[in-house]
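I have placed the structure first, in the form of structure tokens, so that the comments after it can refer back to it.
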Amino acid sequence: MKYWLLKSEPDAYSYSDLESAPNQRTLWDGVRNYQAAKLLKNEMQVGDLAFFYHSSCKVPAVVALCRITRTGITDPTSLDPQSRYYDPKSSAEQPRWITVEVAADAPLPRAVSLKELKQQPELQDMVLLNNGRLSVQPVSPQQWQFILQLAHNSSH
DNA sequence: GCCAACGTTGGC
DNA sequence: GCCAACGTTGGC
């Protein structure tokens, strides 16, 4: 099983939006950064776990856990001429953008802020801290466990 | 609102 | 294929 971090701007789509979605699930569509799209298409597997990260907001932070429930899904926005993510080179027969379905799992006992993550020597290699713009990124098992421990540590 | 970091585009 | 110009992301 692999671990991931999924970024979303809470003003656009927050974790509570995911919790109130049908079946608490959504398609992670509209990702057009090639590196991020490649992970969605080729690397994610059903059962993988992901942190839900709130970006571009007052307190950027890891706020919740979710999981990958379906893979290999054609990104519907790429086929919709009305969408800002429409890609005329993509078609149902030969889709160019493949994504996954994500289900809410649980909020973390407390959110772990970017500021706090930056203070941890154990996390200095985290992609989030080295390529802040990548919206879908891998998390190592060590990083995953460490952040979970931080979230369960109520001394903050 | 600023700006650094990064990605994309397009002329050559 | 290089690289300047431009656009976007996202923290602060």
Side-chain angles (χ1 to χ4, degrees), chain A residues 2-21 26-44 48-68 71-91 94-102 104-140 142-151 153 155-156:
Chain A
K2 294 176 186 170
Y3 301 100
W4 307 98
L5 182 145
L6 300 172
K7 270 192 219 172
S8 188
E9 301 184 18
D11 288 346
Y13 198 90
S14 69
Y15 183 70
S16 63
D17 289 329
L18 180 58
E19 282 184 320
S20 51
T26 193
L27 293 186
W28 210 258
D29 54 17
V31 174
R32 293 295 177 270
N33 172 283
Y34 182 71
Q35 247 187 300
K38 206 166 63 175
L39 296 174
L40 292 173
K41 180 179 180 181
N42 299 324
E43 302 297 329
M44 285 193 179
D48 286 356
L49 297 177
F51 287 131
F52 198 107
Y53 177 83
H54 282 169
S55 68
S56 290
C57 56
K58 195 170 179 199
V59 183
V62 175
V63 297
L65 303 177
C66 45
R67 66 206 140 78
I68 310 305
T71 60
I73 303 165
T74 297
D75 182 334
T77 65
S78 69
L79 305 180
D80 175 6
Q82 301 304 114
S83 170
R84 64 178 284 211
Y85 301 113
Y86 177 58
D87 180 356
K89 296 198 190 100
S90 190
S91 67
Q94 294 206 312
R96 297 186 75 209
W97 303 101
I98 300 297
T99 190
V100 302
E101 181 190 69
V102 174
D105 210 336
L108 289 174
R110 66 179 185 90
V112 182
S113 70
L114 176 63
K115 184 183 173 192
E116 188 181 347
L117 295 174
K118 282 180 173 172
Q119 291 167 354
Q120 312 302 323
E122 292 88 345
L123 299 178
Q124 62 181 0
D125 293 332
M126 237 191 127
V127 178
L128 184 71
L129 308 183
N130 295 290
N131 180 3
R133 305 198 319 159
L134 192 61
S135 66
V136 175
Q137 47 179 269
V139 174
S140 77
Q142 292 78 12
Q143 292 161 351
W144 181 270
Q145 291 304 329
F146 190 83
I147 294 169
L148 280 187
Q149 279 181 21
L150 283 179
N153 173 356
S155 70
H156 277 267

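Each chain gets a letter, A, B and so on, in the order its sequence line appears, and its residues count up from 1.
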To the nearest angstrom, the CG-P distance between A/L6 and C/dG10 comes to 12 Å
Send over the distance from A/K58 NZ to B/dG1 P, rounded to a whole Å. 17 Å
Are A/V31 and A/T99 close enough, and set up right, to give a side-chain contact (heavy atoms from CB on, under 4.5 Å), and what steps lead you there? CA-CA 8 Å; A/V31 174; A/T99 190; 5.8 Å; no
Whole-Å distance between C/dG10 P and A/M126 CE? 14 Å
Salt bridge (Lys or Arg N to Asp or Glu O under 4.0 Å) against A/D80, all qualifying residues, sequence neighbours excluded: none
Go ahead and write out DNA chain B as dot-bracket, 5' to 3': ( ) for pairs within the strand, [ ] for ones crossing earlier pairs, | when the partner sits on another strand, dots for unpaired; Watson-Crick or G-U wobble, both distances under 3.5 Å. ||||||||||||
Would you give me the side-chain donor-acceptor pairs under 3.5 Å for residues 53-62 of chain A, sequence neighbours excluded?
residue : atom : partner : partner atom : Å
A/H54   : NE2  : A/Y15   : N            : 3.1

A/W97: which residues meet the ring-ring contact (aromatic ring centres under 6.0 Å, His included) condition with it, sequence neighbours left out? none
Residues at least two apart in sequence or cross-chain that pass ring-ring contact (aromatic ring centres under 6.0 Å, His included) with A/W4, listed by chain then number, are none
Sequence neighbours excluded, which residues qualify as salt bridge (Lys or Arg N to Asp or Glu O under 4.0 Å) partners of A/K7? none
Applying salt bridge (Lys or Arg N to Asp or Glu O under 4.0 Å), can you list everything that pairs with A/R133, at least two apart in sequence or on another chain? none
Just checking A/K118: base, sugar-phosphate only, or nothing, at a heavy-atom cut-off of under 4.0 Å? sugar-phosphate
Just how far, in rounded Å, is P of C/dG10 from CG of A/N130? 15 Å
When rounded to whole Å, the NZ to C1' distance for the pair A/K7 and C/dT9 reads 7 Å
Counting only heavy atoms and a strict 4.0 angstrom limit, can you tell me which residues of residues 49-57 of chain A come near DNA chain C? A/Y53, A/S55, A/S56
Contacts of type salt bridge (Lys or Arg N to Asp or Glu O under 4.0 Å), residue A/D17, not counting sequence neighbours: none
Rounded to whole Å, please give me the gap between CG in A/L114 and P in C/dG10. 12 Å
Quick test of your reading: applying salt bridge (Lys or Arg N to Asp or Glu O under 4.0 Å), list the pairs with at least one residue in residues 117-131 of chain A, sequence neighbours left out, ordered by first then second residue. none
Do A/V112 and A/L117 come within less than 4.5 Å of each other through their side chains, counting heavy atoms only? yes
Can you name the ring-ring contact (aromatic ring centres under 6.0 Å, His included) partners of A/Y3, sequence neighbours left out? A/W144
Given atom CD of A/E9 and atom P of C/dT9, what is their separation to the nearest angstrom? 8 Å
Spacing between A/L5 atom CG and C/dG10 atom C1', to the nearest angstrom: 14 Å
N/O-N/O pairs, protein side and nucleotides 2-7 of chain C side, under 3.5 Å:
none

